[in-house]
Amino acid sequence: MLNPQIANDVIAYGISLGADFAEVFVEKHNSTNISVLSSKVHEIKSGIDFGIGIRLIYGTKVLYGYTNRTDKDELLRITRALAAQDKRDPVATSAALSFMKNVDHHKVLHGLAQDDISMDQKIQYLLRIDAAARKDSDKISQVTCGVLQRLQDIEIFNSEGLHITDTRNYTRLMANAVATDGNEQSTGYEAPGALSGWEMVDTINPTELGEVVSKQALIKLTAGDCPAGKMPVVIDNGFGGVIFHEACGHLLETTSVQKKASVFWDKMQEDIAHSAVSAVDDGTMENLWGSINIDDEGMPTQKTQLIKDGKLTSFLVDKVGSMKTGFERTGSGRRQSYKYAPASRMRNTYIEAGEHSLDDILATIDNGIYCKKMGGGSVKPGTGEFNFSAQESYLIKNGKIDRPLKGATLIGTGPEVLRKISMVGNNLELAAGMCGSVSGAIPTSVGQAALKVDEILVGGKA
Amino acid sequence: MEMQTLEKIIDVALKNGADQADIVVDSGESITVKSEQGEISSYEVSGTQVLGLRVIKDNKIGSSYCEATDDDTIATLVKQALENAKYSKEEELEKIDVQRSELIDGTKSFKYDTERTQPEKLIEMALMIEKDLMAKDTCLKTPPYNGVGEYIDQSLYLNHLGTKCIEKSKAYACYTAALLEKDGKQSMHVHQSLTRKFQELNPSDCIDVSYEHALGLINGAPVKTGHYDIVFSTDKLAQFFNVFASLFSAKAAINDMNPWKNKLSSIVASPSLTMTDAPLLEKGFAYSMFDGEGNMMSETPLIKDGVLTGFYQNSYTSKKLGQENTFNATRSPKSSLGVGGTNKVISPVEADDSSFNKGTYFEIIAEQGMYSGSDAISGDFSFAASGYLVENGERVRPIKGVTVSGNFYTVIKEISNIGRLVHSNTSATFFSPKIRFASLSVAGD
């Protein structure tokens, strides 16, 4: 995408201005988004993002600039502007660029580049979701659904001689149903995705997807108020993993650790969780939403064991994080686009399966909450305080699932909750999401089997 | 990007079969500086633009965008927009029909200070904020977020009828996060200052406010579960209204996604609430001269004495609903025609402070999960909050580790008091007196 000679000249110029490290990141990103609303095609959007990011590192200081232009003069101008305050006599040398062939572990059959699935075929698929969501109840007042397909080509050059390219195909479906009864309204939502082409969609029955979101909305319509206070909570598999993602995953990124802005920054090899908890961040899982071949610094990605039997065993480490903390890089340097310098980020993060069935776990609770599906959440990395909303939840009464609830929010701190996870189930599942942080919004998977937290503050109706 | 180039793209679209076409271009430049442990940890320079094309052919709308502007990419842009139009539904009411002979030119307004600030000044301030904050207390840890930035933005609109609008703005921001650790407890608070001129930035206020609340909340503890009156800080109040902003959207009403769809001229809020959208408010950072269809913007009354008086409308929604166009069309290069607001203004009420402060309320300074824990359709919300318990106007203890829940449609009717002084949020897009919401559910101990 960028003439290697130009990249070489830009890198050499950065190094001549005294940088210890120079990198050029080139990105071209095609996307198509089709949406259906009120049982008709609502809109079809497509576009091309293109740009180049330049990173210079002086010591541990990161200088970053980007532009849409590819001409050498503009790239040299950005480099000069970045180095203006720090330029010095050269202290490093740049190695000759050597193209490294990237191994693609994620087979794609029908990506945007293949262009072999017609627009009509995609639209018909979405209309089947719409019809299925509406068919069983006249209380479903609106359905929206859509599919987003992306093709991201990246090319990375750096002063260590690296020249590597990668292609990433993403496909994500979205289905949303609104149920209405008088003045009451509620919603159901699912959004499966994969590092894959249209073939991911072929594995999902549109009728079932429509029925699932419709059912979620209708159940919530009849849900009662959630009780408030501290109580045991069972969080089911799949998107339930957002609890670990928010409460702990972010605190294990060197982005937080290097600033000592994580409560875990000095806890390596210490027990930070209940012994039932082992957790992994794995970028290598075939065609999974959060997977990558190489990270956005050009390093092949890895499977990283974060916690083993309650003990902290690794952080998520990018290049700068490694320089600042001394830990080895884990292939976790990621960014949304050329507009962001890379930072240590999660990929597919999950708590490993345990041995209990969901029924076994529920049976241990007399009064509590069962969160079948979690919604979004956030965390303050400095303190580990988090919050999650439950998209679908139920009261647990005498070891059994009782009535549906609305408005359940879970709050606490990461370290506290990790120690209160006392049972982990055997039904591990992962789910797709978008994670926002310092280097933008990136595709990540969250996951876990059903697990029991002995006590957590539930925000409901007092 | 040159106007002539954009006119050429519209010509190409028309020559390739489009009946109507328009273009929006957003471009920006920025310099941001972050400091950490007494050194500059990050320095970013950017310059980007993105161009969005909308075409209408046989009453079908297609759109596409691009960031590169070479001939091949531009050709693809036009081709994709026309291709997308082929598969869209027919929509007779969406037209590109604003015809204006005079250019709307917002490039020389008060919004754009032509004087550039030297990067050294930004660097100096970033280092100074961190140093001055750290000097306040030995229990402060290195601020995890600390920096200064200069941002220049330009928006441009052009259509096939010759309507042209351009607007330019500049902003400066500085911010810091006080992260405090005492007796095994941690507390963090972030505060920012946002201005149009560098010399008007107030780093001392960032330091003082972030430290004040980090310290003030460090010994925060849950209150007893029950019902409490709530008063949000202006930042949090702005956020609270923003979560439910689609209630003012005519587009959401058309799409059956707005529970206030049939509530026009009905009571939806307390009679003491009056709220307006004010695009031409000079002190507002959402100041905007033209909307996404090239119309001049003007004030839109939203709620008057508790009665819903209007939705945000564009040319399409107004025709569809048979209501007046409020010229609140939104459109970015990457999004289709929509509606949206600018600066929100809530009117003060003549009241004395003692009446507002009487008794006990929970003053919310910080929250977590207000967006993810709220459902704009059902109106239900539940989020984690911290702040202070206030008795007769005095903060008596910090509160932390509680959740606040309720239903927006109910609480907006149960406002017990509105203050007499208007405050601005730190983004300067929301201007409101303090509002006291009666008896919300708080879960704590």
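Everything quoted here is computed from the prediction, not taken from an experiment. Proteins come first, then strands; the chains are lettered A, B, ... in the order of their sequence lines, and each starts at number 1.
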Using heavy-atom distances under 4.5 Å, tell me whether [X] contacts chain A through its side chain, its backbone, both, or neither.
X       : answer
Y371(B) : neither
I123(B) : side chain
I40(B)  : both
N407(B) : neither
D380(B) : side chain
V402(B) : backbone

How long is the span from the [atom1] atom in [X] to the [atom2] atom in [Y], to the nearest 0.5 Å?
X       : Y       : atom1 : atom2 : answer
I34(A)  : S88(B)  : CD1   : OG    : 10.0 Å
S38(A)  : K89(B)  : OG    : NZ    : 7.5 Å
Q80(B)  : I44(A)  : CD    : CD1   : 11.5 Å
L457(A) : T403(B) : CG    : OG1   : 5.5 Å
K141(B) : W265(A) : NZ    : CH2   : 7.5 Å
E184(A) : Y409(B) : CD    : OH    : 10.5 Å

Next on the checklist: If you apply the rule side chain to side chain contact (heavy atoms under 4.5 Å, CB included), what do you find for K339(A) with E67(B), and how did you get there?
Outcome noted: CA-CA 12 Å; K339(A) 292 181 181 172; E67(B) 293 187 326; 3.3 Å; yes
Quick one: which of [options] has the most heavy-atom pairs under 4.5 Å with chain B, could you say?
options                          : result
K230(A), H29(A), M119(A), K40(A) : M119(A)
I48(A), D86(A), T255(A), N30(A)  : I48(A)
G59(A), G375(A), G65(A)          : G65(A)

Checklist entry - Knowing that exactly one of Q185(A), Q391(A), K220(A) qualifies, which makes a side-chain contact (heavy atoms from CB on, under 4.5 Å) with D375(B)? => result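 For D375(B), the side-chain contact (heavy atoms from CB on, under 4.5 Å) test succeeds with only one of Q185(A), Q391(A), K220(A), which is K220(A).
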Test item: [X] and [Y] side chains (from C-beta on) under 4.5 Å apart, heavy atoms:
X       : Y       : value
Y87(B)  : I123(A) : yes
Y65(B)  : D49(A)  : yes
E181(B) : K260(A) : no
V178(A) : D256(B) : no
V62(A)  : K34(B)  : no

As an exercise: rank [options] by heavy-atom pairs under 4.5 Å with chain A and give me the winner.
options                  : result
G52(B), G401(B), P143(B) : G401(B)
D70(B), N255(B), T76(B)  : N255(B)
C66(B), G47(B), S42(B)   : G47(B)

Answer with side chain, backbone, both or neither: which region of [X] has an atom nearer than 4.5 Å to a non-hydrogen atom of chain B?
X       : value
V458(A) : backbone
Y189(A) : neither
D225(A) : neither
N176(A) : side chain
L82(A)  : both
T413(A) : neither
T187(A) : both
K406(A) : side chain
K122(A) : neither

Next on the checklist: Let's go through E120(B) and Q85(A) carefully: what are the C-alpha distance in whole Å and the side-chain angles of both, what is the deciding distance for side chain to side chain contact (heavy atoms under 4.5 Å, CB included) to 0.1 Å, and is it a yes or a no?
Outcome noted: CA-CA 8 Å; E120(B) 293 87 342; Q85(A) 310 301 318; 3.5 Å; yes
If you draw a 6.0 Å radius around [atom1] in [X], do more than 12 non-hydrogen atoms from other residues or ligands fall strictly inside?
X       : atom1 : result
Q121(A) : CD    : yes
K45(A)  : NZ    : yes
K261(B) : NZ    : yes
K28(A)  : NZ    : no

Closest heavy-atom contact between [X] and [Y]?
X       : Y       : answer
T225(B) : A228(A) : CG2-CB, 4.5 Å
N68(A)  : T48(B)  : OD1-CA, 3.1 Å
F386(A) : Q368(B) : CA-NE2, 3.7 Å
S389(A) : S372(B) : OG-O, 2.8 Å
V263(A) : Q186(B) : CG1-OE1, 3.4 Å
P144(B) : K259(A) : O-NZ, 2.8 Å

Next on the checklist: Could you go through K400(B) and E385(A), starting from their C-alpha distance and side-chain angles, then the distance that decides it, and tell me whether this counts as side chain to side chain contact (heavy atoms under 4.5 Å, CB included)?
Outcome noted: CA-CA 10 Å; K400(B) 215 172 168 179; E385(A) 294 166 272; 3.7 Å; yes
Next on the checklist: Check whether S405(B) reaches the backbone of G459(A) with its side chain - one donor and one acceptor, N or O, closer than 3.5 Å.
Outcome noted: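 Judged by distance alone, no pair lies under 3.5 Å.
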Checklist entry - Using a distance-only test with no angle check, is there a side-chain donor-acceptor pair under 3.5 angstrom linking N84(B) and S46(A)? => result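 Per modelled atom types, N84(B) and S46(A) side chains form a pair under 3.5 Å.
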